[in-house]
Engineer: 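Let me give you the structure first, and then I'll get to my questions.
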Amino acid sequence: MAILTKKQRNFIRKNCEGLAPEIIAGKVGVPVKDINDYLAAHNLKATIPVETSTISTNNGSFFKFLIRNRVLVFVIFVAALAVYANTLGNGFVSDDRDLPLDFKYQTYFQKIFSSDVSFRVPEVFHYFDSLGGLFPWRYHLTNTLLHAVVSLLVFYFLSPFVKIPVAFFAALLFAVHPLHTDAVSWVVARSYILYTLFLLSSFLLYIKATADQFIKRKFFLVSLIFYLLAIESRWLEPITFPIILFLYNLSFRSLKEKWKTILPYIVLIGFYVFRLFSTFQTRINETSTGAGGQLELNNPLIHVPIAIFTYLRLFLLPIDLTFYHEDLTAGQVSYIISIIGVLAYVIFTFYLYKKNRTLFFFSSLFLISLLHTFSPLKIAWAIAERYAYFGSIGLSVLFIYPFFNLAKHPRIRNLSVALLIIILSLYSLRTIIRNFDWRSEDTLWLATVKTSPTSSKAWNNVGDYYSRHNDTKNALKSFQTAFTLRPDYADAIHNYGNTLMQMGKLDEALPYFEKVITLNPNIIETYNNLAIIYYQKGESDRFREMIEKALKVNPQSTKTYNLLSYIYYNEKNYEMAKQTLKKIIEIDPLDETAKQNLALIEAEEKKGNQP
């Protein structure tokens, strides 16, 4: 063993638990062998060297890992299935109603080269779930199985970075944590599970491909393919992956030597961002509740600390889980607490850079995974529990690590393990209870408004709940609460007017619909309703104006054409009624009602009678 200077020895002792021997060797300028010899001679424990770790991304080594740790694997897999077993009785909620059921391979591959922002990989899974009938339990079973597989992949992914017990409990925590119910219990949120699955796979293959001085091209190419699949699952979230690779090389390798290996990932995501740039307005419309879906801006100084602190709070204490974290207003005390909490987390993360690179990496992973939500442009919700699905891997490691430091002390070893098991059991119970909120649209929105009473969207959905149950009084009250909280909430104002219209109060409904088109001129149902009201009032010019505006919003609206055909029929303009019905069938060849109405008119004509 070479003779080390005092400065070199001090550096090794200080950093041996936080840095791999290869990194220490590069820092102090001696061979790795001398570092390992010194550690062994002084009974010092070192971080598992990433470059020479047993991690591998080929199927054989992965399955060998599962077999070697089969008992732990069984516990993780069963735990993931157990806590989400009660979702199999849940139905479809919210955007689940828009699931694609007409999957065509030709259309799918055309989309790949289009600027469409729909998520293509989840569509494939949804298609196979729909074979043989639309049964919600199939979709929920697929989500649960995918989540269990991701949990096992998390275990495998963590094993080179931390000791097996830490990796096991971190993966188990990931499997049962209530924060993930948003991603697992909601069918369309499957895209978050899939993107995590493919991103972790890409990461593992990247580690394998770049472990040596010369890149293993086969693994590197497959890594890029998995990254492509991650993008095809969620086009926005994988943007941060090159930053994660940068952080990984900074923490465990030589960034100077490895930075070029990150460039292909930057080019790939850059191509997607450029191709999808023109579709950002679509995303803005989805996340906007205001007038016309116009560009809305967030104030990062307000929403970023509140968002980060909310995720950290919900991870530690997942009590007030909700579908909508819409209200970012906070009292002065709450805001100051958020600022202090986030600053403490960031300072702690920088402290870990020198103290323990592994914990630094996973602490930073959580923050980096959320970067896309910190944009001043409102291209994502400020807070959504499903956004934390991937980043919670980092929090899981940070949460579990202290328990095993405590377990090093014989006197409190049993106590620390018992405490951890109790916490995991409570988290599991909370997950099971939260799943019942996702049972149906009714249970979801009632639970949401209870947890988020200042959410305009929650009250709007509760209004829909009361409408479905013919409780017009509470429906009106709920819609009114929604647009009182958000005066420019066009959807809630439309729903309020629509409820009045269903009650036969056309004159009272009219001003609300007129206000809607000033706030958002793109809600076609508002024009259809206005057309009906003006027709009932005998204002034919205003009726035609509303029909024209509706068709300008959507020239393929069968509802508008159906309304028009009904008016023509009542006016005994049968030729125009037939032409309108034919237009409906041209747009939707499966519209049986239009076919029946057309056949009725034509049959009467053949008899020589007027219909």
Side-chain angles (χ1 to χ4, degrees), residues 177-183 287-290 296-351 363-389 391-392 394-396 398-399 402 423 426-427 430-431 433-434 437 444-462 478 481-489 492:
H177 202 285
L179 190 61
H180 298 155
T181 52
D182 199 25
T287 55
S288 173
T289 56
E296 290 189 79
L297 298 177
N298 286 322
N299 184 346
L301 295 178
I302 295 177
H303 94 264
V304 170
I306 292 177
I308 295 175
F309 189 75
T310 298
Y311 287 122
L312 293 173
R313 177 176 55 80
L314 289 176
F315 190 86
L316 294 174
L317 197 63
I319 296 177
D320 51 342
L321 300 173
T322 181
F323 191 87
Y324 291 124
H325 293 272
E326 184 183 345
D327 186 7
L328 294 182
T329 59
Q332 187 175 5
V333 175
S334 298
Y335 180 67
I336 292 175
I337 292 174
S338 298
I339 290 287
I340 294 174
V342 172
L343 283 177
Y345 185 88
V346 172
I347 293 172
F348 177 68
T349 300
F350 279 106
Y351 167 76
S363 181
S364 302
L365 179 68
F366 162 68
L367 294 175
I368 292 173
S369 69
L370 297 172
L371 282 179
H372 68 284
T373 69
F374 299 160
S375 168
L377 296 176
K378 196 173 182 182
I379 58 175
W381 301 113
I383 305 172
E385 290 157 21
R386 55 193 175 276
Y387 291 169
Y389 187 79
S392 65
L395 293 182
S396 297
L398 290 179
F399 185 89
I423 292 174
L426 291 174
Y427 281 171
R430 179 68 181 103
T431 297
I433 294 173
R434 174 60 175 161
D437 292 340
L444 178 62
W445 301 135
L446 289 175
T448 301
V449 79
K450 183 178 180 181
T451 308
S452 304
T454 58
S455 169
S456 59
K457 285 184 170 292
W459 279 108
N460 185 53
N461 286 322
V462 168
S478 299
T481 302
F483 64 75
T484 299
L485 289 167
R486 181 86 184 248
D488 63 350
Y489 193 1

Engineer: If I take atom CZ from residue F323 and atom CG from residue D182, how far apart are they, to the nearest 0.5 angstrom?
Structural biologist: 6.5 Å
Engineer: Ring-plane angle category for W445 and Y324, please: parallel below 30°, perpendicular beyond 60°, tilted otherwise.
Structural biologist: parallel
Engineer: Ignoring hydrogens and geometry, is there a side-chain-to-backbone donor-acceptor pair from H177 to S396 under 3.5 Å?
Structural biologist: no
Engineer: Would S369 and Y389 count as having a side-chain donor-acceptor pair, cut-off 3.5 Å?
Structural biologist: no
Engineer: Could you tell me whether the side chain of W459 and the main chain of V449 form a donor-acceptor pair under 3.5 Å?
Structural biologist: no
Engineer: Do you see a donor-acceptor pair shorter than 3.5 Å between the side chains of T322 and T451?
Structural biologist: no
Engineer: If you measure from CG on L317 to CG on L426, what distance do you get to the nearest 0.5 Å?
Structural biologist: 10.5 Å
Engineer: Rounded to the nearest 0.5 Å, what separates atom CD1 in I368 from atom OG in S363?
Structural biologist: 9.5 Å
Engineer: Do H180 and E385 meet the criterion of a side-chain donor-acceptor pair at a distance under 3.5 Å?
Structural biologist: no
Engineer: Are the side chain of S455 and the backbone of S452 linked by a donor-acceptor contact shorter than 3.5 Å?
Structural biologist: no
Engineer: I need the minimum non-hydrogen distance between P305 and S338, along with the two atoms involved.
Structural biologist: O-CB, 4.0 Å
Engineer: If every non-hydrogen atom of T349 is compared with every non-hydrogen atom of S364, which pair is closest and at what distance?
Structural biologist: CG2-OG, 3.3 Å
Engineer: Under the criterion side chain to side chain contact (heavy atoms under 4.5 Å, CB included), I'd like the reasoning laid out for F309 against S334: C-alpha separation, chi angles, the key distance, then a yes or no.
Structural biologist: CA-CA 10 Å; F309 189 75; S334 298; over 6 Å; no
Engineer: Dump the intermediate steps for side chain to side chain contact (heavy atoms under 4.5 Å, CB included) on I339 and L343, then the final yes or no.
Structural biologist: CA-CA 6 Å; I339 290 287; L343 283 177; 3.8 Å; yes
Engineer: Locate the shortest heavy-atom distance separating S478 from V462; write the atom from each residue and the value.
Structural biologist: OG-CG1, 3.7 Å
Engineer: Roughly how far, to the nearest 0.5 Å, is the CD1 atom of I306 from the CD1 atom of I337?
Structural biologist: 11.5 Å
Engineer: What residues, two or more places apart in sequence or in another chain, satisfy salt bridge (Lys or Arg N to Asp or Glu O under 4.0 Å) together with R434?
Structural biologist: D437
Engineer: Does a donor on one side chain and an acceptor on the other come within less than 3.5 Å for E326 and S456?
Structural biologist: yes
Engineer: Indicate the atoms forming the closest heavy-atom contact of A458 with T448, along with that distance.
Structural biologist: CB-CG2, 3.8 Å
Engineer: Yes or no on side chain to side chain contact (heavy atoms under 4.5 Å, CB included) for H303 and T373, after CA distance, side-chain angles and deciding distance?
Structural biologist: CA-CA 10 Å; H303 94 264; T373 69; 5.7 Å; no
Engineer: When rounded to the nearest 0.5 angstrom, what is the spacing between CG in L395 and OH in Y311?
Structural biologist: 11.5 Å
Engineer: Assess whether side chain to side chain contact (heavy atoms under 4.5 Å, CB included) is satisfied between F366 and L312, documenting all intermediate values.
Structural biologist: CA-CA 10 Å; F366 162 68; L312 293 173; 3.7 Å; yes
Engineer: Once you measure the plane-to-plane angle for F399 and Y427, does it fall in the parallel (<30°), tilted (30-60°) or perpendicular (>60°) bin?
Structural biologist: tilted
Engineer: Do D320 and L314 have side-chain heavy atoms sitting under 4.5 Å apart?
Structural biologist: yes
Engineer: Can you measure from NE2 (H372) to OH (Y387) and round to the nearest 0.5 angstrom?
Structural biologist: 6.0 Å
Engineer: Indicate the atoms forming the closest heavy-atom contact of P178 with P318, along with that distance.
Structural biologist: CG-CG, 3.7 Å
Engineer: Check L179 against A388 and note the closest heavy-atom contact, atom names and distance.
Structural biologist: CD2-CB, 3.8 Å
